[in-house]
Amino acid sequence: MSLNQIQQAITNQKMKCPTCGKAIKQFEKFVAMTESVWDGAGDSNLNTAGSKVTLICGNDKCDWRERTEFWDSYIE
């Protein structure tokens with residue numbers, strides 16, 4: 001779900017760079033963080049608790065990038 005939110009926010013230019021104030025253009029290294037894994041006798045479960053991503057501004061003359069689990073704070 002959070003990967004979709006990040007992709008939509010970047011596509012719709014809703015995610016803003018804190019340095020230059022323009023829309024963030026790209027991201028990389030998305031990973032869902034694991035909260036718990038349960039595996040037993042033919043049954044298993046994986047619970048996730050948030051995600052991390054590297055946000056990259058990508059605008060002219062702005063080299064801001066940040067690896068964060070608080071990516072939703074950049075969405076306006």
Side-chain angles (χ1 to χ4, degrees):
M1 170 118 171
S2 51
L3 177 58
N4 270 347
Q5 288 176 305
I6 293 168
Q7 289 172 330
Q8 286 179 353
I10 290 175
T11 300
N12 297 332
Q13 299 185 350
K14 299 283 185 187
M15 195 172 275
K16 302 294 180 180
C17 172
T19 302
C20 71
K22 295 181 181 176
I24 293 172
K25 296 193 177 225
Q26 52 189 309
F27 72 95
E28 64 183 16
K29 299 180 184 175
F30 174 85
V31 63
M33 296 187 300
T34 302
E35 180 180 39
S36 65
V37 176
W38 181 74
D39 189 18
D43 192 10
S44 62
N45 192 16
L46 170 68
N47 293 324
T48 57
S51 57
K52 279 191 173 183
V53 67
T54 301
L55 299 173
I56 304 165
C57 178
N59 288 298
D60 294 337
K61 300 179 184 177
C62 185
D63 59 354
W64 179 85
R65 67 171 41 224
E66 184 172 335
R67 180 92 177 136
T68 182
E69 61 189 270
F70 305 108
W71 50 265
D72 55 344
S73 66
Y74 296 99
I75 298 175
E76 293 184 340

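None of these values were measured; they are calculated from a predicted model. We number each residue from 1, following the sequence as shown. What's counted below: heavy atoms across the whole structure, side chains too, no hydrogens, waters or symmetry copies.
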Rounded distance [0.5 Å steps], CZ in F30 versus OG in S2: 3.5 Å
Could you give all pairs that pass the salt bridge (charged side-chain N to carboxylate O under 4.0 Å, His left out) test and reach residues 50-64, with sequence neighbours left out? none
Please list, chain by chain and in numerical order, all residues satisfying side chain to side chain donor-acceptor pair (under 3.5 Å) with E28, sequence neighbours excluded. R65
Is there a path of hydrophobic side-chain contacts, each under 4.5 Å between heavy atoms of I/L/V/M/F/W/Y residues, joining F27 to I56? no
Taking only residues at least two apart or on different chains, which pairs with a member in residues 49-69 satisfy ring pair (Phe, Tyr, Trp, His ring centres under 6.0 Å)? W64-Y74
Indicate, with yes or no, if L3 and V31 share a hydrophobic cluster defined by side-chain heavy-atom contacts under 4.5 Å among Ile, Leu, Val, Met, Phe, Trp and Tyr. no
Any sub-3.5 Å donor-acceptor pair from N59's side-chain atoms to A23's backbone N or O? yes
For T54, what residues pass the side chain to side chain donor-acceptor pair (under 3.5 Å) criterion, not counting sequence neighbours? R67
Could you list the donor-acceptor pairs under 3.5 angstrom formed by side chains in residues 10-17, with sequence neighbours left out?
from, atom 1, to, atom 2, distance (Å)
T11, OG1, Q7, O, 2.8
N12, ND2, Q8, O, 3.2
K16, NZ, Q13, O, 3.3

